[in-house]
Amino acid sequence: MEVLNIFQGKKKKAILHINVSTFEQFKAGIEAVKESKIPLIIGVSEGERKFWGINYFEDLIDEAKERGIKVYSNADHTKNIKKAYEAIDYDFDFVLFDGSELSFKKNILITQKVVNYRNKNNKKSLIEGELGYLTGHSDIENTIELKEEYFTSPDLAKEFVDQTKVDLLAISVGNVHGIPQKIKFKNKEFKKITLNFNLIKEIKNKVNLPLVLHGGSGLTKKDFIKAINNGISIIHINTEFRKIWKEELSKLIKEKTVIPYKILDKIIEKLKRKIILYQRLFYYV
Ligand code: 13P
């Protein structure tokens, strides 16, 4: 698939992945790509798909593509195999089968089934596997406990990729979902996430495919640049955009007007600016 060409070549770069559950977030993504001319992956988790209606979401993406806008759809964190099949049937550009809560063997077995389903049905969706556990939720969290046993093992990553033949791999290298007030790790408390950049490099050296970093909210510019330089090709950011949406809406809702677009337009502009900022940072490292 043509999107994979982005990750070829010597120059290191990554693509931003955002999650959307409102039309404002979706439109901000489209407007950002129109201005930046940098590809964007727009993802919807199982919950977000249910909220949109999977057909409505894919129609919006298809319509944007027909107008030449470089956006790609992702069925994010799909834990139910039937939902993964459904996303493949709907021609999502990417489908993440997230078997990270399963045993290693079972994760391989079910991820293989998803890849086989795509192949058997001559579908084009790229399949992302997930190995290592990502704790937290895409929300404002109090304390998140991180354990070293959650991290992706480079050797197991190789075995996983060889056996499943996935196209991309999501890894756990200290990243968490959400914006926590505190991180607990090895009996200590931290204010900020510390990624294991060497581990990213080790995994990248073992598996020759694009690596995906979930849980981008709360990471710094330096973190992103180092992660990309060590082998990350796609970066997911969700909570940070959800937070902007809520904060802007809470401010603007107090205005006297009852005309939704006069309020929502301002949220879209704010989101769009932030999306472009990350797109440029990741793409022109
Ligand atoms: P954050 O909510 O921590 O940015 O993570 C998003 C994500 O990884 C979605 O797949």
Side-chain angles (χ1 to χ4, degrees), residues 14-22 25-26 28-29 32 40-52 57 71-80 83-84 87 92-101 126-146 150-152 166 168-183 185 190-195 200 210-221 223-224 227-228 232-247 271 274-275 277-279 281-282:
I15 304 268
L16 171 67
H17 172 295
I18 61 166
N19 289 73
V20 297
S21 44
T22 74
Q25 293 170 310
F26 182 85
L40 176 73
I41 304 173
I42 303 188
V44 274
S45 63
E46 282 184 38
E48 285 161 337
R49 251 128 75 199
K50 191 168 169 216
F51 182 71
W52 278 101
F57 176 77
V71 281
Y72 301 93
S73 55
N74 177 38
D76 204 18
H77 293 292
T78 309
K79 299 192 177 183
N80 177 316
K83 297 280 175 204
F92 269 64
D93 295 298
F94 298 87
V95 175
L96 163 56
F97 177 73
D98 178 358
S100 59
E101 284 169 26
L126 293 171
I127 309 299
E128 177 182 337
E130 181 155 338
L131 189 67
Y133 179 64
L134 221 76
T135 183
H137 300 102
S138 287
D139 208 340
I140 305 300
E141 304 257 2
N142 285 328
T143 306
I144 290 185
E145 189 166 2
L146 188 63
Y150 296 162
F151 290 20
T152 308
V166 287
L168 309 103
L169 183 68
I171 55 172
S172 170
V173 290
N175 43 328
V176 302
H177 277 136
I179 302 184
Q181 309 297 314
K182 268 189 245 157
I183 309 262
F185 184 54
F190 301 88
K191 283 219 160 102
K192 194 198 149 300
I193 296 147
T194 310
L195 296 181
I200 299 177
L211 297 179
V212 184
L213 183 76
H214 288 253
S217 296
L219 295 179
T220 63
K221 195 174 159 184
D223 290 330
F224 289 128
I228 296 166
I232 291 293
S233 298
I234 294 175
I235 299 175
H236 284 229
I237 301 182
N238 186 3
T239 314
E240 203 170 319
F241 295 118
R242 284 182 168 176
K243 194 164 168 267
I244 294 172
W245 178 86
K246 170 102 185 261
E247 283 171 358
L271 288 169
K274 197 76 183 206
I275 293 171
L277 202 108
Y278 281 126
Q279 282 190 296
L281 175 70
F282 300 168

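Both backbone and side-chain heavy atoms feed into the values below; hydrogens, waters and symmetry mates do not. Counting convention: from 1, in listed order, for ligands and their atoms alike. This is a predicted model, so every value here is computed, not measured. Nothing fancy with the numbering, it's 1 onward along the sequence.
Legend: residues meeting salt bridge (Lys or Arg N to Asp or Glu O under 4.0 Å) with Lys50, ordered by chain and number and at least two apart, are absent. Residues satisfying the side chain to side chain donor-acceptor pair (under 3.5 Å) test with Thr220, not counting sequence neighbours, are Asp223. In this structure, the salt bridge (Lys or Arg N to Asp or Glu O under 4.0 Å) partners of Glu48, at least two apart in sequence or on a different chain, are Arg242.
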If you look at each N/O of ligand 1, which protein N/O atoms lie under 3.5 Å away, and at what distance?
residue	atom	partner	partner atom	Å
ligand 1	2 (O)	Ser138	OG	2.6
ligand 1	2 (O)	Thr239	N	2.9
ligand 1	2 (O)	Thr239	OG1	2.5
ligand 1	3 (O)	Gly178	N	2.8
ligand 1	4 (O)	Ser217	N	3.1
ligand 1	4 (O)	Ser217	OG	2.5
ligand 1	4 (O)	Asn238	N	2.8
ligand 1	5 (O)	Gly215	N	3.3
ligand 1	8 (O)	His177	NE2	3.1
ligand 1	8 (O)	His214	ND1	3.3
ligand 1	8 (O)	Gly215	N	2.8
ligand 1	10 (O)	Asp76	OD2	2.7
ligand 1	10 (O)	His77	NE2	3.1
ligand 1	10 (O)	His214	ND1	2.9
ligand 1	10 (O)	His236	ND1	2.9

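In this structure, His17 and His214 have tilted ring planes: the angle between them lies in the 30° to 60° band. Between Phe224 and Tyr278, the ring planes are perpendicular. Angles over 60° get that label, and only those under 30° would be called parallel.
Residue His177 is tested with His236, His137, His77 for a ring-ring contact (aromatic ring centres under 6.0 Å, His included); the sole match is His77.
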